[in-house]
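Structure first, commentary second.
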2 protein chains.
Amino acid sequence: MQQIEELVNSLREEGFRITPQRIAIVEYLLKTNDHPSAEHIHKIVQKKYPMVSLSTVYKTLDLLREKKLVNEIKVEGEARFDAHTDEHINLICMNCGKIEDVDEDSLREIQTKAARKSKYMILKSNFELLGYCNNCKSKFI
Amino acid sequence: MQQIEELVNSLREEGFRITPQRIAIVEYLLKTNDHPSAEHIHKIVQKKYPMVSLSTVYKTLDLLREKKLVNEIKVEGEARFDAHTDEHINLICMNCGKIEDVDEDSLREIQTKAARKSKYMILKSNFELLGYCNNCKSKFI
DNA sequence: TTATTATTAGGAATACTTCCTAATTAATAA
DNA sequence: TTATTAATTAGGAAGTATTCCTAATAATAA
């Protein structure tokens, strides 16, 4: 797991201001692996800073995504965020919305092959598997 | 490429009514590999049936997706549709929005491995690579 | 401490999609 | 063919996540 100081410093070095709101958001993203939504992050940060606005949460998440410090995936029209930025597969539960990460070494290779075939210049990948998680699947068999 | 009759019959056999609107939408999806948006499909179908509504297009696409006759992916908040329903990688141009399909045999295997590791019951997959297509990439180097 | 200017809070605006309802029409039976 | 009936449609309103806007605030550098 990355340290909060690392991320904060990498922002500061690029000239971004370090605000309590930004620290709280980064802190939460680093300690959870829940892939929270912007609204969820907003609720969490509000416990400490009741005045924080949802638009600030969105703006901070935009910044972190641009700096590749967090990854964003869309699940049913809603963005979900994760500080795990290495290439991996997101397993998404279509019932409860839980997201689990699975590492898979062959993804890089697949990416290289596809880039060669298509002549696209690849900048980002998104590998998703959708279904039911271990808890939910019994309800659907 | 699938035949229009196949798809229409598979709908009819399940008790769905075959309307000119539905035929026009299915026809267009089968003959293009452009991954059009709902709005684009609407514009195309309007040339033949000026009264067709956008909500009918959405409803038909819902139906086709439920019956697994088309695949849907979200690109920058907008749904894009494709009659290519076999497992494949979608290469998405972040500049012009072009989507190209690339087949890759190892996807099934990856899916099986991830399902085993995570204990998820997998129903659907979505493999995306984002970047710039062959036409657009020169602008970004 | 003061000056500068990025950032914030709060709400309005946006954009895609879904929902709602009366009118229409595809499918079936007579 | 015509009548019946229920699925489907057109059109627009409503919903929802996100982005945009602006005056007020506060992080940073001098």
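In what follows, chains carry the letters A, B, and so on, assigned in the order in which the sequence lines appear, proteins first and then strands, with residues in each chain numbered from 1. Note: hydrogens, waters and symmetry copies are ignored here, and every other heavy atom, side chains too, is used.
- Straight-line distance from the CG atom of B:L11 to the P atom of C:dA27: 11 Å, rounded to whole Å.
- At whole-Å resolution of the value, CG in A:L64 and P in C:dT7 are 12 Å apart.
- Each of B:M51 and B:G15 was assigned the nucleotide of DNA chain D with the nearest heavy atom; the assignment lying further toward the 5' end belongs to B:G15.
- The local environment of NZ in B:K59 is sparse, with at most 12 non-hydrogen atoms from other residues, nucleotides or ligands closer than 6.0 Å.
- Using a 3.5 Å distance cut-off with no hydrogens or angles, the side chains of A:H88 and A:D103 do not pair a donor with an acceptor.
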Walk me through whether A:S125 and A:E87 qualify under side chain to side chain donor-acceptor pair (under 3.5 Å). CA-CA 7 Å; A:S125 64; A:E87 223 142 57; 3.0 Å; yes
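- In the set C:dA9, D:dT19, C:dC16, C:dC16 carries the atom at the smallest distance from any side-chain atom of B:Y58.
- In this entry the distance linking CG of B:L54 with C1' of D:dA10 reads 11 Å, nearest Å.
- Exactly one of B:K117, B:K113, B:R116 qualifies for a salt bridge (Lys or Arg N to Asp or Glu O under 4.0 Å) with A:E104. That residue is B:K113.
- Contacts of residues 73-81 of chain A with DNA chain C (heavy atom under 4.0 Å): none.
- Here the C1' atom of nucleotide C:dA27 and the CD atom of B:E14 are 17 Å apart, to the nearest Å.
- Heavy-atom neighbours of A:E78 CD from other residues, nucleotides or ligands within 6.0 Å: above the threshold of 12.
- At a threshold of 4.5 Å between non-hydrogen side-chain atoms, the residues B:K67 and B:R65 do not count as touching.
- Annotation for A:E14: atom CD counts as buried by contact number, over 12 foreign heavy atoms lying within 6.0 Å.
- Taking the nucleotide of DNA chain C with the nearest heavy atom to each of B:S37 and A:T60, the more 5' of the two is matched to A:T60.
- Here the C1' atom of nucleotide C:dT7 and the CG atom of A:L61 are 15 Å apart, to the nearest Å.
- Distance CD1 (B:I23) to C1' (D:dT9): 15 Å, rounded to an integer number of Å.
- Here the CG atom belonging to A:N71 is positioned 10.0 Å from the CG atom belonging to A:D86, to the nearest 0.5 angstrom.
- To the nearest 0.5 Å, the span separating OG on A:S37 from NE2 on A:H42 amounts to 11.0 Å.
- For B:E39, the CD atom is loosely surrounded, since the number of other residues' heavy atoms within 6.0 Å does not exceed 12.
- Rounded to whole angstrom, the span from the CD atom of B:E66 across to the P atom of C:dT18 amounts to 11 Å.
- For the helix from C:dT1-D:dA30 to C:dA30-D:dT1, the end axes, each set by the C1' atoms of five terminal pairs, are bent relative to each other by 40° (nearest 10°).
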Under a 4.0 Å heavy-atom criterion, the protein footprint on nucleotides 21-30 of chain D, written with B, S and -, is -----BBS--
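- Note: CD1 (B:I41) to P (C:dT17) measures 10 Å, nearest angstrom.
- Side-chain atoms of B:H40 and B:D34 form no donor-acceptor pair, as typed in the model, at a separation below 3.5 Å.
- An OP1 or OP2 oxygen of D:dT9 is reached within less than 4.0 angstrom by a side-chain nitrogen or oxygen of B:R22.
- Atoms CD1 and CG, from A:I110 and A:D105 in turn, are 11.0 Å apart once rounded to the nearest 0.5 Å.
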